There are 2 protein chains.
Amino acid sequence: MNKQPKYRQVADALRREIDNGTYPPGSRLPSEAELSTRFDASRNTVRAGLNLLVTQGLVASSQGLGYQVTKHEVFKLNASRFENLTFPQNGDAYSTDVTAAGRRPSQTFRVELQPAPKHVAERLEVAADSTTVLRFCHRFVDDVPWSTQATHYPEWLVAKAPRLTEPGDIAEGTTRYLADLGVTQVGYFDEITTRMPTPEEARLLEVGAGVPVLLWTRTGYSDERPIRCTVTTFRGDLNQMNYEIGDLSAREVSE
Amino acid sequence: MNKQPKYRQVADALRREIDNGTYPPGSRLPSEAELSTRFDASRNTVRAGLNLLVTQGLVASSQGLGYQVTKHEVFKLNASRFENLTFPQNGDAYSTDVTAAGRRPSQTFRVELQPAPKHVAERLEVAADSTTVLRFCHRFVDDVPWSTQATHYPEWLVAKAPRLTEPGDIAEGTTRYLADLGVTQVGYFDEITTRMPTPEEARLLEVGAGVPVLLWTRTGYSDERPIRCTVTTFRGDLNQMNYEIGDLSAREVSE
DNA sequence: TAGTGGTCTAGACCACCTC
DNA sequence: AGGTGGTCTAGACCACTAC
């Protein structure tokens, strides 16, 4: 018989009760002291069990308040439509989608000149230390941190499109602005990965332990070369990415 | 001044040393006892710090061996080509890609009849309790668990395509087989999310704490209706998904 | 057998939230 | 003030790996 350690028994028992609805999303778990009595374990052992659930993203704890079962409402992003090739737009698609979902979007924005980080330089096909324009966006939905988005433009493009260095939004959208200058995005290459957040990411996105981030790197191409590289970091518990490929005329649009 | 708790100082110090190459991927960290001396902290405090790094996926521990810095080689899956509409193929694309990378693929496979789980029923647009054929695949690369893949086919399709219930592989590929019967997949809808693994997923994929899973749900459509729903569960530390959209003729294929 | 991490306890004190 | 979780300690014993 595989005897589980006590703290795992605690975690498993609580997980079952969360799954079967004893503790529904948003409700509070019993206090450590109560659980300690119930499982005949020391407070530290109960804490070890609870910590497992926290790192698995099932519950979150806060000092003075207790442990609360997490609840998510995921936001669905259609990445194959997000910046439609025929209707190029900037971050506007984000505001539009969020508003359409009845939520309130907000963001902070800044522009910097930066030497290209290695992975960006590779994707933009420029030298690793060459200058790029970084347009950085920190996005919130109903004041909850949602994602960060960092778009790098190569130096040669800035010469053609000086407004890229303007500190504010470009009203008509950067994609539109660039297209008007003869630099049209005709394709994208998307890379999607996941991992646990770095301390910096955890701070910006205000994620606790147990919530991974979804990393989305989009490299945009003209018919000649890469013209931008956008790295978006999503809270993994609040976001889903969708792609449409081929003919989907048979699809019910129920969502 | 924001004084960090001691176990965070331990974690931060070790993280810096991992980042700057003091402890390169694959190397071992000092023992808990040594770290305890170095940081003038109790063994439990050091363990709390190390546990942070473990849940962040930076290091892995094993009894009797110590803590080892994790190393990853990510496998890149081109999801927009994986089952090319013009060259339909089954799991073969997986073996082909893996072999091309100089790795050795293997898999276990089984077929079951199952009532449609809720999320599958929605996507296949069938009743929630209707029967589906489940073709399930557990994939390994060089004997490391890589992903699980569960494809559900609706009951009405099985009537047309009885070989779907055959327990073995379909030699020419299921997509090909279905196309020959007049059921052609003309489009896909892909959904990508991430979260921490359930205990069951952790067991199948042999992931330790701190490694999220990447969930990929692909619903395939004929020109009339959905014909299959495939849910793939990847180890997030070993996999990346790529999509190509639009015209990428300018892209250097360096990988 | 020696050294490593894994489990567990009992108790102390602190920080935060609610009343 | 009282209850909650957060931090930290000191020590015990167990399980696994290497030699």
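Basis for what follows: all heavy atoms, side chains included, without hydrogens, waters or symmetry-related copies. Here the structure is a predicted model, which means the values were calculated and not measured. Labels below follow one simple rule: chain letters A, B, ... track the order of the sequence lines, proteins then strands, and each chain is numbered from 1.
Remark: B/Thr45 is in phosphate contact with D/dT9, judged by side-chain N or O atoms under 4.0 Å from OP1 or OP2. When the side-chain nitrogen and oxygen atoms of A/Ser42 are compared with OP1 and OP2 of C/dC8, none of them lie within a distance under 4.0 Å. Between A/Tyr67 and the phosphate of D/dG6, there is a side-chain N or O to OP1/OP2 separation shorter than 4.0 Å.
In this structure, CZ of A/Phe39 is placed 13 Å from P of C/dT9, rounded to the nearest angstrom. Whole-Å rounding puts the B/Arg47 CZ to C/dT4 P distance at 14 Å. Taking atom CG of A/Leu50 as the reference point, atom C1' of D/dG5 lies 10 Å away to the nearest angstrom. Rounded to whole Å, atom C1' of C/dT4 lies 13 Å from atom CD of B/Gln68. When rounded to the nearest whole Å, the span between CZ of A/Arg28 and P of D/dG3 equals 13 Å. One can place OH of A/Tyr7 at 18 Å from P of D/dC14, the figure rounded to the nearest angstrom. One interatomic measurement links the two molecules: CG of B/Asp40 to C1' of D/dA10, which rounds to 14 Å at whole-angstrom precision. Between A/Glu32 atom CD and C/dC8 atom C1' the separation is 15 Å, expressed in whole Å.
Between A/Arg15 and A/Asp12, at least one side-chain N (NZ, or NE/NH1/NH2) sits under 4.0 Å from a carboxylate O, which counts as a salt bridge. Note on B/Glu166 versus B/Arg135: no salt bridge recorded, every NZ/NE/NH1/NH2 to OD/OE distance being 4.0 Å or above. Note on B/Arg218 versus B/Glu191: no salt bridge recorded, every NZ/NE/NH1/NH2 to OD/OE distance being 4.0 Å or above. A salt bridge links B/Arg104 with B/Asp143: the closest approach of a Lys/Arg side-chain nitrogen to an acidic carboxylate oxygen falls below 4.0 angstrom. For the pair A/Arg38 and A/Glu34, the salt-bridge criterion is not met [side-chain N within less than 4.0 Å of a carboxylate O].
Closest to the side chain of B/Pro5, out of D/dT4, C/dT4, D/dT7, is D/dT7. Closest contact between the side chain of A/Arg8 and the listed nucleotides D/dG6, C/dT7, D/dT4 involves C/dT7.
Residue pairs meeting the salt bridge (charged side-chain N to carboxylate O under 4.0 Å, His left out) criterion with at least one partner in residues 230-239 of chain A, sequence neighbours excluded, are A/Arg235-A/Asp237.
Using bins of under 30°, 30° to 60° and over 60° for the plane-to-plane angle, the ring pair A/Trp146/A/Phe75 lands in the perpendicular bin.
Only B/Ser61, listed by number, bring a heavy atom of residues 53-61 of chain B to less than 4.0 angstrom from any atom of DNA chain C.
For the pair B/Arg110 and B/Phe136, the distance from NZ or CZ to the six-membered ring centre is under 6.0 Å and the angle to the ring normal is within 45 degrees.
Note that CZ of A/Phe140 and OG1 of A/Thr108 are 5.5 Å apart. Values are rounded to the nearest 0.5 Å.
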Check your understanding: When you check every protein heavy atom under 4.0 Å of nucleotides 11-19 of chain C, what one-letter string (B, S, -) results, 5' to 3'?
Key -> BB--BBSS-

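Note on A/Ala48: nothing from the nucleic acid sits closer than 4.0 angstrom, heavy atoms only.
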